[in-house]
Colleague: 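Shown below is the structure under consideration.
None of these values were measured; they are calculated from a predicted model. Numbering of ligands and ligand atoms starts at 1, following listing order.
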Amino acid sequence: MFVSEDLSINEKNHLVIGKNDTVELAKEYGTPLYVLDEDLLRKNMRVYKDAMDKYYNGNGLILYANKAFCTKYTCNIAKEEGLGCDVVSGGELYTAIKADFPMDKVFFHGNNKTVDELELAVSNGVGHIIVDNIYELLNLNEIAKKHGIVQDIMFRIKPGVDAHTHSFIQTGQIDSKFGVALENGEAFEIIKQAMKLSNVRVDGLHCHIGSQIFDIEPFCKAAQIMLNFMGDLKDKLGLKLDKLNLGGGYGIMYTENDDPVPYDEYIKTVSKVVKETANERGLDIPMIIMEPGRSIVAPAGITLYTVGGVKDIKNVRKYVSVDGGMGDNPRYILYQSEYSAVVANNASAKPQEKVTVAGKCCESGDLLIKDIMLPQINVGDTLAVLATGAYNYSMSSNYNRIPRPAVVAVSDGKSKIVVRRETYEDLIRYDV
Ligand code: LLP
C-alpha cells in the first residue's frame, strides 16, 4: 500500500514507523518533523554490504554518501555497520571527524576543494582524495609534502555515459563541471602528470554518472569504459590501479510509478561486468567501491506536517497548506520531484480527491506535492510525506527565517532526537 513496506497502520488507524505511532510523534516533538527509521537505515546498508560480499568475494567497499543526509548520527550508523563514507566539503568531513569515523575509510570528493579543506583532510589522515582537476592536484601535492606524507588519490573521470535522469543530476557526460574527460585526452594527461609528483599516489579511478537512475545498463557501460581506461593506463604508462569507485545514483521508489531495480541486482550485474572486462584487458580484478546515498537513507525517512488550511478554488485547484515546505524539502521547486503522502491520523482511508500540498513560504512555487490523490483532509490532520530521508534535511534552508525541523530517529518502539529543532534564537545567532 505504501512506497515503503516498513510502514504500517495500527489499531487507531494511525501510520506507524519503527513501531512508533506517527501521530504521537507529531504531538511529542511538534511538526514539521523529520523521522528516520534506524532499523531500515541499517537494513539498507546491509543489503549493499552483503551483496558486495556475495557477488564480489568481499573485495568491495560501500561508502555511505553523506550528501544525502549528513549528521553525526548517520555517520555513527554507517560506522557501526562497517561502511566507509564519502564527503564533499569541509563541513561533511568535520562531521565525520566529530563522529570518530575511521578516516582511512573516508573518500573526499568535490570539484573545487579549497586549500583549507585539503589541509583539513590531509591533517586528519583522510584515506582517499578524489582529485577533480590540475589545480587541486598541485595544491594537494604541496600540502602532502608539507605534512611529510604520500596521499592516496583517485581521479574523477567523466566516462561520457548518458544516464537517463533529470539534467540537473546527470554528471557523467563531457559537459559537466565535475572531473576530467576521457574523450579529449584530459584524463590521460592529468594522470601522467600525477605520476611525476612525489607526494600523491594514484591507486584508482572514480566516476559517478548521475542520481535517481533506474537502468542497470548505464552503470555497466560506465564500468566497462573505466576498466578499458585502466587497461590503457597499464599498457601506455605501466600504471597499475587496484581500485575502481563507481559512485552512487541508484533510483528509489517515490511513487508507485517508480520501479527500482533491487540493489543487490546492481551489484551482481556490475560485478560480473567488472570481472569480465578486467579479464579481457589482462588486469587484476580491482576492488570496487560504490557510494549509494539516496537508496540507503531516502526510504528510511518521512516528514510529518500539520495541515493548517485547505483552500478549495472551484474548478481550479484545492490547496492543502502545511507548516513546512521548500525550506525543509526544496526538491519540488528544484526538480519538480514527486512524492507520496499519507494522512497519518487516518492512514487506511481511500484516496478520494486530487489536492496540491503547499508549503508556507512566500513563493508560489513552494509546493511539496502537486496533484496528489488523498482522502478527505481536514485542518489539524497530520500529513506524512514519504521517502524524504535523502536530500531533504541535507538541502534544507532557513528561507523566510523558518527554523529547521528536528530529526527524530525511531527504532523498535523507541524514539530519540538526533538533531534538535532550531529556535528563533538560532536564526539570529550570526547577526552582528
Ligand atoms: N557519489 C558522488 C560522487 C555523488 O556526486 C553523489 C551524488 C553520490 C555518490 C550519491 O548519489 P545517490 O546514490 O544519492 O544518488 N540533490 C539531488 C541529488 C544530487 C546528487 C549529487 N551527487 C536530489 O535531490 O535529487
Colleague: Under 4.0 Å between a side-chain nitrogen and a carboxylate oxygen: does that hold for K272 and E276?
Modeller: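 Between E276 and K272 there is a salt bridge, with a charged N closer than 4.0 Å to a carboxylate O.
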
Colleague: Has P292 got any heavy atom lying under 4.0 angstrom from an atom of ligand 1?
Modeller: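 Judged by the 4.0 Å heavy-atom criterion, P292 does count as contacting ligand 1.
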
Colleague: Can you label the angle between the Y48 ring and the Y263 ring as parallel, tilted or perpendicular, going by 30° and 60°?
Modeller: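 Ring orientation, 0 to 90° scale: parallel.
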
Colleague: Considering only heavy atoms, does A65 approach ligand 1 within less than 4.0 Å through its side chain, its backbone, both, or neither?
Modeller: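 The part of A65 near ligand 1 is the side chain, not the backbone.
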
Colleague: Near M395, which atoms of ligand 1 are under 4.0 Å from a heavy atom of that residue?
Modeller: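 Taking each heavy atom of M395 in turn, ligand 1 has 16 (N), 24 (O) under 4.0 Å.
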
Colleague: Indicate the atoms forming the closest heavy-atom contact of D100 with K79, along with that distance.
Modeller: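 For D100 versus K79, the nearest heavy atoms are O-CD, 3.4 Å.
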
Colleague: With the side chain counted from C-beta on, respond yes when L383 and V343 share a heavy-atom pair under 4.5 Å apart, and no when they do not.
Modeller: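 They are in contact (side-chain heavy atoms under 4.5 Å apart), so the answer is yes.
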
Colleague: Any salt bridge between K49 and E81, counting N to O under 4.0 Å?
Modeller: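 Not counted as a salt bridge, because no side-chain N and carboxylate O are separated by less than 4.0 Å.
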
Colleague: Looking at R156, which atoms of ligand 1 are within less than 4.0 Å of one of its heavy atoms?
Modeller: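 In order of number, 3 (C).
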
Colleague: Can you tell me if G249 has a non-hydrogen atom under 4.0 Å from ligand 1?
Modeller: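 It does; at least one heavy atom falls under 4.0 Å.
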
Colleague: Any idea how H206 and H109 line up, ring-wise: parallel (<30°), tilted (30 to 60°), or perpendicular (>60°)?
Modeller: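 Answer is tilted, since the angle falls between 30° and 60°.
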
Colleague: Quick one: look at D86 and ligand 1, take heavy-atom pairs under 4.0 Å, and tell me if it's side chain, backbone, both or neither.
Modeller: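 Near ligand 1, D86 shows its side chain, while the N, CA, C and O stay back.
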
Colleague: Take the angle between the ring planes of F69 and Y34 and call it parallel below 30°, perpendicular above 60°, tilted in between.
Modeller: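 It falls in the perpendicular class, over 60°.
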
Colleague: Would you mind listing which atoms of ligand 1 come within a distance below 4.0 Å of any non-hydrogen atom of G293?
Modeller: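 The list of qualifying atoms is 12 (P), 13 (O), 14 (O).
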
Colleague: Considering only heavy atoms of H206, which atoms of ligand 1 have at least one such atom less than 4.0 Å away?
Modeller: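 The atoms of ligand 1 under 4.0 Å from a heavy atom of H206 are 3 (C).
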
Colleague: Which part of F178 is near ligand 1, with near meaning a heavy atom under 4.0 Å away: side chain, backbone, both or neither?
Modeller: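 For F178, no heavy atom sits under 4.0 Å from ligand 1.
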
Colleague: Does R294 approach ligand 1 within less than 4.0 angstrom via side chain, backbone, both or neither, non-hydrogen atoms only?
Modeller: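 For R294, backbone and side-chain atoms both sit under 4.0 Å from ligand 1.
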
Colleague: Distance under 4.0 Å to a non-hydrogen atom of Y335: what atoms of ligand 1 satisfy this?
Modeller: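 With Y335 as reference, the close atoms of ligand 1 come out as 16 (N), 17 (C), 23 (C), 24 (O), 25 (O).
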
Colleague: Out of all atoms in ligand 1, which are within 4.0 Å of some heavy atom of E291? Include the element for each.
Modeller: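 Atoms satisfying the 4.0 Å criterion: 1 (N), 2 (C), 3 (C), 8 (C), 9 (C), 10 (C), 13 (O).
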
Colleague: Taking K240 first and then D203, would you say they form a salt bridge - that is, a charged N and a carboxylate O separated by under 4.0 Å?
Modeller: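 Answer for the salt bridge query: no.
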
